[in-house]
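Counting starts at 1 for both ligands and their atoms, in listed order. This one's a predicted model, so the numbers in the text were calculated from it and none came from an experiment.
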Amino acid sequence: MGILEWATSPLGQRVPIHIAWVLIWVALIGGLLFLIVHAIYVRYFAKEKEFAADSPSAESLEFPARIPRHSLTARLFHWIMAAAMFALLFTAFLPRVGIQFNWVTYHWIAGTVLTISILFHIVHASFYLDFWSIWPDRSDLEDAWKRFQRFMGKSTALPRKFAKYPLENKLYHGVVILTGLAVIVTGVFMMFRVRTMIFPRNPYLFTDMTWGMVYVLHGLAGVGFITLTIVHVYFAIRPEKLPITASMIIGSMSREFYLKEHDPKRWIVNGVSDRRSMADGD
Ligand code: HEM
């Protein structure tokens, strides 16, 4: 049993037609195993998170009670994209596990919503959000190395608190970019294979071999999203992450949570005053 399904083209060539659907179960079980192992590790083995003390200049800052984290536009994007993603996963995979319905139309419509929302997000994040906040920087790598050494039982300096996003979130976002790009680019081409009001149908755009590879890449990235979505939802509902999840609904988090995990020098928040300059009468 391989990971691809093959067929013979009209020219007698052996071509891949799509992934073997057993990969749906591999992705599902892989995601569930990850969360079981992680939950056991956190419950029984992980130590309390420890961070280096804030710099004296950060300690003098005075913060509002609620720290703004996601603008209304960013939250709307997140939930539209999430709805499109769930619609894509259910329409793609339920028919493969025995729940039959006319899935293709719902699927390409959800795919179009996802594609447009991602194009919007690229423009929004590039020009209106802090573009670099989601990319790993030097401090992330230095701190990851310190955390790894401490995990291995070596004594080393404590890592700093996080910027807006911890390294794990940044790496997850990077994997989602690659997987999302694969599923969107292949999905747009696959719209030429089905009847939509967007493109004229043209199944002769590619050779059978190329179409096969497009379907395989779409399927591999698609099952990848099963695991990625399970992991994402798992972290969103973990008790210690609920303030972060709530901020994706209400837009802000408490000052206490912000100061516990984030370095005010690395994630600079608007509306913060400096007690020292206020005392100086500035
Ligand atoms: C996480 C997102 C997605 C998942 C999990 C997913 C999954 C799948 C799967 C498993 C198939 C069946 C392929 C096969 O038979 O080999 C499929 C077909 C299809 N997908 Fe997606 N897809 C996603 C996103 C997209 C996007 C963004 C688009 C469009 C922009 C799209 C357009 C299509 C089309 C048009 C088909 C039908 C092809 C046909 O029946 O010939 N998909 N998708």
Side-chain angles (χ1 to χ4, degrees), residues 1-10 14-32 77-123 172-234 236:
M1 188 179 64
I3 61 160
L4 304 184
E5 275 183 30
W6 298 80
T8 305
S9 76
R14 211 168 118 75
V15 290
I17 45 171
H18 48 69
I19 59 166
W21 300 119
V22 67
L23 292 186
I24 296 173
W25 298 108
V26 174
L28 195 68
I29 294 168
L32 294 176
F77 158 72
H78 177 270
W79 293 113
I80 290 171
M81 184 205 54
M85 179 58 74
F86 277 108
L88 284 160
L89 288 171
F90 286 124
T91 51
F93 297 123
L94 287 181
R96 317 286 157 187
V97 296
I99 302 173
Q100 298 303 337
F101 60 100
N102 181 10
W103 62 277
V104 178
T105 308
Y106 302 115
H107 188 82
W108 72 254
I109 292 173
T112 307
V113 173
L114 181 80
T115 306
I116 293 170
S117 72
I118 299 289
L119 290 175
F120 168 80
H121 176 64
I122 294 171
V123 174
Y172 180 88
H173 183 260
V175 174
V176 167
I177 290 179
L178 294 178
T179 320
L181 205 64
V183 93
I184 287 175
V185 172
T186 51
V188 169
F189 283 122
M190 285 158 77
M191 303 237 311
F192 286 98
R193 287 283 290 250
V194 296
R195 255 171 240 292
T196 68
M197 57 270 233
I198 301 180
F199 301 120
R201 188 165 178 272
N202 180 8
Y204 306 107
L205 193 63
F206 298 129
T207 62
D208 288 332
M209 180 56 101
T210 309
W211 273 124
M213 291 192 290
V214 168
Y215 275 68
V216 165
L217 187 54
H218 194 78
L220 286 177
V223 291
F225 268 116
I226 297 180
T227 313
L228 288 168
T229 306
I230 291 175
V231 170
H232 185 76
V233 173
Y234 162 72

### Task
Write out the residue and atom name of the closest protein heavy atom to atom 10 (C) of ligand 1, then the distance separating them to 0.1 Å.
Phe93 CE2, 3.5 Å
#### Entry: Those atoms of ligand 1 less than 4.0 Å from some heavy atom in Leu89
5 (C)
### Query
Parallel, tilted or perpendicular: which describes the rings of Phe189 and Phe206, with under 30° parallel and over 60° perpendicular?
perpendicular
### Message
Looking at Trp103 and Pro95, would you say the former's side chain and the latter's main chain have a donor-acceptor pair under 3.5 Å?
### Response
no
### Task
Spell out, as yes or no, whether a donor-acceptor pair under 3.5 Å connects the side chain of Glu5 to the backbone of Ile17.
no
### Query
For atom 1 (C) of ligand 1, what's the nearest protein heavy atom and its distance?
Met85 SD, 3.2 Å
### Task
Please indicate whether Trp25 has more than 12 foreign heavy atoms, meaning atoms of other residues, nucleotides or ligands, lying under 6.0 Å from its CH2.
no
### Task
Could you check atom 40 (O) of ligand 1 against the protein and tell me its nearest heavy-atom contact, residue, atom and distance included?
Val194 CG1, 3.8 Å
### Task
Among Val214, Leu4, Asp208, find the one that has a side chain to side chain contact (heavy atoms under 4.5 Å, CB included) with Pro16.
Leu4
### Query
Hey, which atoms in ligand 1 end up nearer than 4.0 Å to a heavy atom of Trp103?
12 (C), 18 (C)
### Any Val97 side-chain heavy atom under 4.5 Å of Phe93 side chain
no
### Message
Below a 4.0 angstrom heavy-atom separation, can you tell me which part of Trp21, side chain or backbone, both or neither, approaches ligand 1?
### Response
side chain
### Task
Only counting residues at least two apart or in another chain, list the ones meeting ring-ring contact (aromatic ring centres under 6.0 Å, His included) with Phe90.
none
### Query
Which side-chain hydrogen bond (donor to acceptor under 3.5 Å, both in side chains) pairs, counting each pair once, include a residue from residues 188-207, with sequence neighbours left out?
Thr207-Thr210
#### Entry: Enumerated ligand 1 atoms positioned under 4.0 Å from heavy atoms of Thr115
27 (C), 30 (C)
### Task
Look at atom 39 (C) of ligand 1 and say which protein heavy atom is nearest, naming residue and atom and giving the distance to 0.1 Å.
Tyr215 OH, 3.2 Å
### Query
Which heavy atom of the protein is the closest neighbour of atom 16 (O) of ligand 1, given with residue, atom name and distance?
His18 CB, 2.8 Å
### Query
In terms of atom number and element, which parts of ligand 1 are under 4.0 angstrom from non-hydrogen atoms of Phe225?
1 (C)
### Summary
The answer for which part of Phe189 has a heavy atom under 4.0 Å from ligand 1 is neither
### Query
To the nearest 0.5 Å, what is the distance between CG (Leu114) and NE2 (His107)?
9.5 Å
### Message
Tell me every residue that passes ring-ring contact (aromatic ring centres under 6.0 Å, His included) with His218, counting only those two or more places apart in sequence or in another chain.
### Response
none
### Message
Suppose the cut-off is 2.8 Å; which protein N/O/S atoms would you list for atom 21 (Fe) of ligand 1?
### Response
His107 NE2, His218 NE2
### Query
To which protein heavy atom is atom 12 (C) of ligand 1 closest, and what is the distance rounded to 0.1 Å?
Arg96 NH2, 3.3 Å
### Task
Could you grab the distance from atom CD1 of Ile230 to atom CG of Leu28, nearest 0.5 Å is fine?
4.5 Å
### Task
Please work out whether the ring planes of Tyr106 and Phe101 are parallel, tilted or perpendicular, with thresholds of 30° and 60°.
tilted
